[in-house]
Undergrad: 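Please read through the structure below; I'll follow up with questions.
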Amino acid sequence: MATKSKITREEALSYHLEPRPGKIDIQASVPMTTQRDLSLAYSPGVAVPCEAIAENPECAYDYTSKGNMVAVISNGTAVLGLGNLGALASKPVMEGKAVLFKRFADVNSIDIELDTEDPEAFINAVRLMGPSFGGINLEDIKAPECFIIEQTLKEQMDIPVFHDDQHGTAVICAAGLINALHLSGKRIEEVKIVLNGAGAAGIACLELLKAMGARHDNCIMCDTKGVIYQGRTEGMNQWKSAHAVKTEARSLEEAMVGCDVFLGVSAKGAVTQEMVKSMADNPVIFAMANPDPEITPEEAHEVRADAIVATGRSDYPNQVNNVLGFPYLFRGALDIHARAINDEMKIACAEALAELARADVPDEVAVAYGRKLTFGRDYIIPTPFDPRLIYTIPPAVAKAGMDTGVARRPIVDMDGYAHSLQARMDPTASILSGMYSRARKAQARMIFAEGDDIRVLRAAVAYQRNGMGNAVVVGREAQVREMLETVGLGDAARELEIVNAANTRHLESYKSFLYQRLQRKGFDSQDIHRLAARDRHVFASLMLAHGHGDGLVTGATRKSAHALGLIGHVFDAKAEDGAVGVTALFHKGRIVLICDTLVHEWPSAEDMALIARRGAAVARGLGIEPRVAFVSFSTFGYPVSERAEKMHQAPAVLDRIGVDFEYDGEMTVDVALNQKVLDNYPFSRLTGPANVLVVPARHSASISVKLMQEMAGATVIGPILTGLDHPVQICSNVSTANDILNMAVMAACEIGRQ
């Protein structure tokens, strides 16, 4: 089981506050720079699409964002597990849901909080907003009002209306159950199912399973008052009554005797080990209560080794996570301009998810999770960051929508559609998530060299509390405690290991080691003492060299070149030693590595070949198959220039060496990154846009990175130091706490280590 992360109140508030309040921005998707642009965007040009839509309403999908826009709407009467907090307090959750739509399926979304608990007022408000959106995602509305609201809106609106608390859970539960029954050799038409929790999610789960073939008489629903049986009057409503059965069982304990499947959307501890013992052979237990399940997998397996267990938790196998469903359901529905999301589309989603879990898991997913995933009792549901979800699930949903007649605009070329979905995929989040998963598995003891900087301390606390491993901070204990107190993290001082020259017993051995390295480079014993005892960069490097840590992060308070020079006292980190700096740029769903941004001032063609190899190794460490371009202001020999000559020669050096990645050059940046421009050179050895750029000199690399960062808003990670025999990473001195944390994760994953 993975280490459980600890999220503090201060961390959560800071995340939602910085860099500016909230989690959503709106950006124009068209040029808005000239007077002509403004005239086309608004008056008078906008009149033309208005008239076209008035004449043919279907044109709204062509000329507006309606076809890729979902509203996330709530009144805050059932917020997460927090209860009725009201509309305003639900806004952070709804913003979060909107962000998930964009992150996982490239669906634009906006949150709307309605300040009413009157179902009729809520229904009327949503119905009147229909022209604005391609779909409505209802969220965190209490039962039974949620049933009334959703059903009425589905009847009154001609766009998909979907209450995720009901159907999202149901779809993922159904996907997991398909595979659990497959493994246990049972059929849904024959199994006895017991559900505990007769709220929105529970009722939706049972209804969907019945639509998939589960027999009504084989399904027993329970609530806080026991079994819902025919004839019961206490605590009943029309939705519960629809699932009442003839049975002698009156309690959950009695209902579970001999049952094949338990579904829980209720409360912690609702299921005992005795209940699990009484279940049929190869029982299936979906204990989905959050944050704590009805029974933990450890407790269930202690008495039933043959049980297949799923929970709602990410730190256990088989997580029933709604993010596997709603983004892709809406993606498929929007792309056929659907009038609704029906049962057939939900079942298609569940079946596609189940089939994906049974398929061979590609290496990049295994890299992301730090282990090989193979279909079986601990892997019956795909992982949320599986890159195949975006191009596997929506086509299945879209096809079901077309087959059942809810599509306004059917998709003709399904293969082309799947390919277009693959192009929408944003690899950056899955790569970062994969690195974090690998870091958690590595459990590296990470040295943070600059304990007098609050950004470094925040990163160290986050590293420790996110279950990455132990954080070791180099600094004075009193100062570290005081700084943490000022930002509301005073309790974290007890969790960190705070080390300095005054409290270590290893200082003399550190000094002896350093003297052996530097005695013939102009350093006397006093110089060595000052370096080892007073310079935190050198001290931290000595700790790492002696095995008193597994990785090192530094540079947040110094220029990168200066930090590299200090590290070079302890490690071989010069150009002639094979060290290279690689900076990762994340921008608009693309990742490009720029090399060398740190070490080589004016590299030769031979140096360029080494830099290319180092960059390719970093790319593979991130889970990217490298395509290397040697970039210049000329392309394949034109215009001729002495300055471009070495870029022209570098590929020939790689030819002689023999490498196992694509490379070519010299070429301009647009040729390297733009497929249409690259197509003008059919002889190029690159099969697609480059993702590793080797530039002529360190100054051009630095200019490129900072220009992208300042003008384009690219996320920058690095420079990633490669070629050393220890995992050392150097941050930029403008790094945020999150940037520093990312570099620590890089070091923990040993990305760039020789």
Side-chain angles (χ1 to χ4, degrees), residues 29-30 46 48-73 97-98 100-102 104-112 126-139 150-164 167-168 171 325-352 389-425:
S29 60
V30 294
V46 75
V48 178
C50 289
E51 291 171 342
I53 293 168
E55 184 177 334
N56 179 9
E58 288 297 303
C59 288
Y61 287 93
D62 298 316
Y63 302 129
T64 75
S65 63
K66 178 182 175 72
N68 195 42
M69 179 69 75
V70 169
V72 177
I73 306 181
K97 197 62 172 267
L100 293 179
F101 267 112
K102 187 65 177 178
F104 286 98
D106 196 25
V107 172
N108 293 326
S109 182
I110 193 73
D111 64 292
I112 297 172
V126 176
R127 180 179 59 82
L128 293 174
M129 288 188 285
S132 300
F133 303 103
I136 303 292
N137 183 94
L138 301 174
E139 195 80 16
E150 186 194 39
Q151 185 56 43
T152 305
L153 287 173
K154 287 170 72 173
E155 293 169 356
Q156 294 182 357
M157 301 183 77
D158 66 346
I159 57 175
V161 178
F162 185 85
H163 185 205
D164 187 52
H167 310 298
V171 167
F326 70 84
Y328 310 111
L329 272 165
F330 271 98
R331 179 75 276 156
L334 291 170
D335 291 338
I336 58 171
H337 302 175
R339 296 181 175 85
I341 293 176
N342 55 32
D343 280 349
E344 290 83 359
M345 295 163 78
K346 288 181 277 186
I347 293 170
C349 180
E351 290 176 341
L389 289 163
I390 182 64
Y391 58 85
T392 301
I393 310 307
V397 172
K399 184 176 185 305
M402 293 187 295
D403 291 345
T404 53
V406 298
R408 289 186 179 87
R409 190 175 296 180
I411 296 167
V412 177
D413 179 6
M414 291 300 288
D415 289 338
Y417 173 54
H419 184 74
S420 71
L421 290 171
Q422 193 166 2
R424 283 180 179 267
M425 186 174 61

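Bear in mind that the values here come from a model prediction, so they are computed numbers and not experimental data.
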Undergrad: Is any side-chain heavy atom of Ile110 closer than 4.5 Å to a side-chain heavy atom of Val70?
TA: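 Answer no - side chains too far apart.
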Undergrad: Name all residues meeting the side chain to side chain contact (heavy atoms under 4.5 Å, CB included) criterion together with Ala71; count only those two or more places apart in sequence or in a different chain, and write none if there are none.
TA: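 Residues passing side chain to side chain contact (heavy atoms under 4.5 Å, CB included) with Ala71: Ile73, Ile112, Phe133, Ile136.
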Undergrad: From Glu150 CD over to His163 NE2, what is the distance, rounded to the nearest 0.5 angstrom?
TA: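 It comes to 7.0 Å.
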Undergrad: To the nearest 0.5 Å, how far apart are CG in Asp106 and CG in Leu334?
TA: 11.0 Å
Undergrad: In plain terms, say whether Lys97 and Asp164 are close enough for a salt bridge, that is, a side-chain N and a carboxylate O under 4.0 Å apart.
TA: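 The answer is yes: the pair qualifies as a salt bridge.
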Undergrad: For a 4.5 angstrom cut-off between non-hydrogen side-chain atoms, does Leu153 reach Leu138?
TA: yes
Undergrad: Any side-chain heavy atom of Phe104 sitting closer than 4.5 Å to one from Leu389?
TA: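 No, too far: nothing below the 4.5 Å cut-off.
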Undergrad: For Thr64, which residues count as a side-chain hydrogen bond (donor to acceptor under 3.5 Å, both in side chains) partner, sequence neighbours excluded?
TA: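 So Thr64 forms no side-chain hydrogen bond (donor to acceptor under 3.5 Å, both in side chains) with any residue.
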Undergrad: If I compare all heavy atoms of Gly134 with all of Pro160, which pair ends up nearest, and what's the gap?
TA: O-CD, 3.2 Å
Undergrad: Run the side chain to side chain contact (heavy atoms under 4.5 Å, CB included) test against Glu58 and tell me which residues pass, sequence neighbours left out.
TA: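 With sequence neighbours excluded, Glu58 shows a side chain to side chain contact (heavy atoms under 4.5 Å, CB included) to Asn56, Tyr61, Arg408, given in chain and number order.
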Undergrad: Using 0.5 Å steps for rounding, measure from the CG atom of Asn137 to the CZ atom of Phe162.
TA: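 Between atom CG of Asn137 and atom CZ of Phe162 there are 7.0 Å.
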Undergrad: Would you please test Asp62 and Arg409 for side-chain contact (heavy atoms from CB on, under 4.5 Å) and show each step?
TA: CA-CA 11 Å; Asp62 298 316; Arg409 190 175 296 180; 2.9 Å; yes
Undergrad: Less than 4.5 Å apart, side chain to side chain, heavy atoms only: is that true for Lys102 and Val107?
TA: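 With C-beta onward as the side chain, the pair stays apart.
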Undergrad: Quick one: pull up OG in Ser109 and CG in Leu100 and give me the separation to the nearest 0.5 Å.
TA: 9.5 Å
Undergrad: Return the minimal non-hydrogen interatomic distance between Gly332 and Ala398, and the atom names on each side.
TA: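 Closest approach of Gly332 to Ala398: O-CB, 3.8 Å.
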Undergrad: For Lys399, give me all partners under salt bridge (Lys or Arg N to Asp or Glu O under 4.0 Å), at least two apart in sequence or on another chain.
TA: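 Result, salt bridge (Lys or Arg N to Asp or Glu O under 4.0 Å) vs Lys399: Asp403.
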Undergrad: Give the minimum heavy-atom separation between Met402 and Ile411, together with the two atoms involved.
TA: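 Closest heavy-atom pair between Met402 and Ile411: SD-N, 3.1 Å.
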Undergrad: With rounding to the nearest 0.5 Å, note down the distance linking CG in Leu421 to CD1 in Ile390.
TA: 5.5 Å
Undergrad: Just jot down the salt bridge (Lys or Arg N to Asp or Glu O under 4.0 Å) partners of Lys346, sequence neighbours excluded, or say none.
TA: Asp343
Undergrad: To check you understand the geometry: which heavy-atom pair defines the closest contact between Met345 and Ala338, and what is its length?
TA: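 Closest pair (atom of Met345, atom of Ala338, distance): CE-CB, 4.4 Å.
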Undergrad: Working note: Asn68 + Arg331, criterion side-chain contact (heavy atoms from CB on, under 4.5 Å); need CA distance, chi angles, decisive distance, verdict.
TA: CA-CA 8 Å; Asn68 195 42; Arg331 179 75 276 156; 2.9 Å; yes
Undergrad: What pair of heavy atoms forms the shortest contact from Ala400 to Ala348, and how long is it?
TA: CB-CB, 3.6 Å
Undergrad: Minimum heavy-atom separation for Asp413 to Gly416, with atom names?
TA: OD1-N, 2.9 Å
Undergrad: Mind checking side-chain hydrogen bond (donor to acceptor under 3.5 Å, both in side chains) for Glu155 and listing every partner two or more places apart, or none if nothing turns up?
TA: Gln151
Undergrad: Quick check, are the ring centers of Phe101 and Phe330 under 6.0 angstrom apart?
TA: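 Distance test on ring centres: under 6.0 Å, yes.
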Undergrad: When Ile341 is tested against each of Val171, Ile159, Val397, Leu329 for side-chain contact (heavy atoms from CB on, under 4.5 Å), which residue passes?
TA: Leu329
Undergrad: Atom NZ in Lys66, atom OG in Ser132: separation rounded to 0.5 Å?
TA: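 Answer rounded to 0.5 Å: 7.5 Å.
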